[in-house]
Amino acid sequence: MKSFFSAGGTLPWWMSGLSLFMSFFSAGTFVVWGSIAYEHGWVAVTIQWTMCLAGIIIGLYIAPRWQQTRVLTAAEFIKRRLGLRVQKVYTYIFLAISSFSTGAFLYPVAKIGEVSTGLPIHYIIVCLGLLILLYTAVGGLWAVVVTDILQFVVLAAAVLIVVPLSLEKIGGITTFINATPEGFFALTNSEYTWGFIVAFGLYNLFFIAGNWAYIQRFTSVPTPSDAKKVGLLFGALYLISPVIWMIAPMIYRALHPELSGLENEGAYLLMSKEVLPVGMLGLMLGAMIFATSSSINTSLNIAAGVITNDVFKHFRPSASQKTLVSVGRIATCGLGIITITVALLVPKMGGVVELVMTLAALTGGALFLPPIWLLFSRFQTGKTILATTFISLLVNGFFKFAAPSLLNVSLERAPEMMLGVGLPLLLLAIFELILRSRGTEAKVYATEKSALNANTTFSSSHLKENSDNNKGIRVIAFGILATGLIMLCLSFLADHGAVAVLIMAGLISSLGLFLLIKFSTRKEIDYDE
């Protein structure tokens with residue numbers, strides 16, 4: 001079961017970091033942020049830079065602490081720290097919300113499929129959803145990580161080619177800048193203000209550090225130092241990538257300013273269709289589809305892990321490993337069906353941008369901040385943590401759904417996000433001050449501290465049990481090499497941009513060969529090097 005849900009706790013940090021990046025990233029990046037970039041411009045990059053800052057803070061201060069807990073799931077940590085009752089409540093809330101969030105991830109990639117192929121979106125949602133839940137149920141976390149890294153390479157190759165070809169299409173940077181609306185390169189605007197940016201940055205900090213699916217990336221590496229590197233790698237990638245991603249939809253706005261409503265959700269792919277040479281659009285589409293699947297399969301894997309480890313195992317503590325893995329696979333399939341259903345309902349919920357922002361404001365601070373706070377507090381109890389979560393959810397829900405009709409008060413984007421992250425932060429701070437003034441540690445804190453000390457003393461031989469690592473890296477190497485060879489063939493078919501495709505094909509093929517040679521004979525990775 002540990003191998004299925006945490007890869008045995010011996011993932012190399014760079015694999016876990018790339019997997020975290022790809023799990024957080026999805027086709028929603030091109031649909032949601034691409035839509036904002038088309039309509040508002042550079043502010044889409046500013047919003048995503050908050051993820052860079054969040055990654056750096058998490059890497060320096062939070063990820064190492066999660067690794068030291070050595071838990072299989074965040075629910076296991078909550079159980080040790082706050083008890084079984086609190087864990088049950090959080091488990092049910094997490095499972096309910098994760099169903100909506102995975103549905104929000106599935107819809108954008110289906111949207112991209114609809115724009116590029118013309119097929120009805122509901123057919124694409126069902127087919128892709130079934131495919132994703134199938135391989136996640138079969139392979140567990142290793143299936144997630146291996147596909148994440150392969151998708152990263154393929155998508156990076158395709159996206160990097162789009163940028164110079166898009167600039168060439170419009171006639172260069174100067175022409176592009178002159179053709180954009182006034183204020184298009186401003187860091188913020190009237191809808192996405194500095195207040196929103198700060199609040200959204202806090203949300204990303206809580207979400208990445210406290211989301212149960214992402215915690216799995218910090219606990220699946222061998223040492224706290226590795227967990228630190230996971231967070232820093234994530235931050236570094238989000239410093240560079242938003243600029244590369246958002247240039248294309250911004251250029252498309254300069255070329256075609258007529259898109260309106262939900263049409264601008266397809267701006268990135270429409271730009272790609274205009275500039276990519278033969279075959280490369282298909283490669284990009286495949287990469288986007290399965291990059292999005294990484295966000296979905298991560299959520300499916302951790303949610304199935306919670307059901308197996310923290311629900312089923314509680315009632316059947318003597319269940320065999322084979323039974324537990326089978327339960328995990330069944331849970332993955334069940335959660336996948338729910339995800340497909342939610343994705344089919346996204347258009348009736350106001351579109352994917354509205355759904356993503358609503359989920360962020362309603363649940364970001366309320367659900368993900370309390371477990372992070374517990375990593376640093378000796379005093380918080382189950383009552384104060386639950387009170388924070390429920391009060392925040394109720395207040396956020398009231399202002400989102402009831403206040404517009406009852407009080408004629410409708411919060412704009414920035415105040416809504418600030419309320420969502422600020423209220424739980426304030427409540428936890430108040431509870432912390434009150435509990436500290438009493439000077440009494442939480443009853444179960446000593447037990448959790450003992451468990452923490454016991455779980456941080458792994459032997460070096462355990463750290464070197466890495467046959468799965470080598471096997472996974474060889475699979476990745478074969479996939480990268482195959483991608484490079486495909487791009488090499490496409491460079492000969494291209495009617496334009498052939499040089500760019502050929503250069504990228506050479507780089508990717510070289511990377512695949514390097515990994516294949518290095519790990520074909522190496523039997524052991526020494527984490528002490």
Side-chain angles (χ1 to χ4, degrees), residues 3-4 7-8 10-27 29 109 112-113 128 131-162 217 220 233 237 241 276 279-298 300-301 466-493 500-523 525:
S3 178
F4 190 80
T10 59
L11 272 181
W13 66 267
W14 61 271
M15 293 182 71
S16 190
L18 288 176
S19 180
L20 174 64
F21 176 75
M22 291 303 292
S23 297
F24 189 77
F25 163 88
S26 72
T29 298
V109 73
I112 286 178
L128 286 179
L131 177 61
I132 291 166
L133 73 87
L134 177 64
Y135 80 76
T136 306
V138 170
L141 183 61
W142 262 111
V144 175
V145 172
V146 169
T147 51
D148 282 353
I149 296 171
L150 192 54
Q151 290 146 16
F152 171 80
V153 174
V154 177
L155 191 63
V159 169
L160 285 171
I161 291 173
V162 169
R217 297 301 183 276
S220 297
L233 177 58
L237 289 170
S241 55
L276 283 177
M280 284 302 299
L281 181 64
L283 195 66
M284 170 178 278
L285 182 61
M288 283 186 181
I289 288 172
F290 289 102
T292 300
S293 76
S294 70
S295 303
I296 301 167
N297 60 32
T298 294
L300 291 178
N301 182 257
N466 49 67
S467 61
D468 280 348
N469 289 348
N470 286 339
K471 191 181 300 181
I473 293 171
R474 287 196 294 272
V475 172
I476 292 168
F478 275 116
I480 292 174
L481 180 58
T483 301
L485 294 176
I486 290 171
M487 291 187 67
L488 181 63
C489 295
L490 292 178
S491 69
F492 294 109
L493 299 174
V501 178
L502 183 61
I503 293 172
M504 192 60 66
L507 292 173
I508 292 177
S509 299
S510 300
L511 176 61
L513 280 172
F514 170 76
L515 291 174
L516 197 58
I517 293 171
K518 184 173 183 179
F519 290 96
S520 61
T521 57
R522 193 175 181 184
K523 303 300 182 184
I525 298 174

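Throughout, residue positions are numbered sequentially from 1 according to the sequence presented. All of these numbers come straight from a predicted model, not from anything done at the bench.
Between Ile149 and Ile473, the closest side-chain pair of non-hydrogen atoms is not below 4.5 Å. Here the side chains of Phe21 and Leu233 are not in contact, with every heavy-atom distance at 4.5 Å or above. Side chains of Met504 and Ile508 form a contact here, defined as non-hydrogen atoms less than 4.5 Å apart.
Here the closest non-hydrogen pair linking Ile480 and Leu150 is N-CD1, 3.4 Å. When all heavy atoms of Ser19 and Arg217 are compared, the pair lying nearest together is OG-NE, 2.8 Å.
With rounding to the nearest 0.5 angstrom, the CE atom of Met22 is 5.5 Å from the CG atom of Leu155.
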Show me the donor-acceptor pairs within less than 3.5 Å that the side chains of residues 481-492 make with the rest of the protein, sequence neighbours left out.
from: Thr483; atom 1: OG1; to: Gly479; atom 2: O; distance (Å): 2.9
from: Ser491; atom 1: OG; to: Leu488; atom 2: O; distance (Å): 2.5

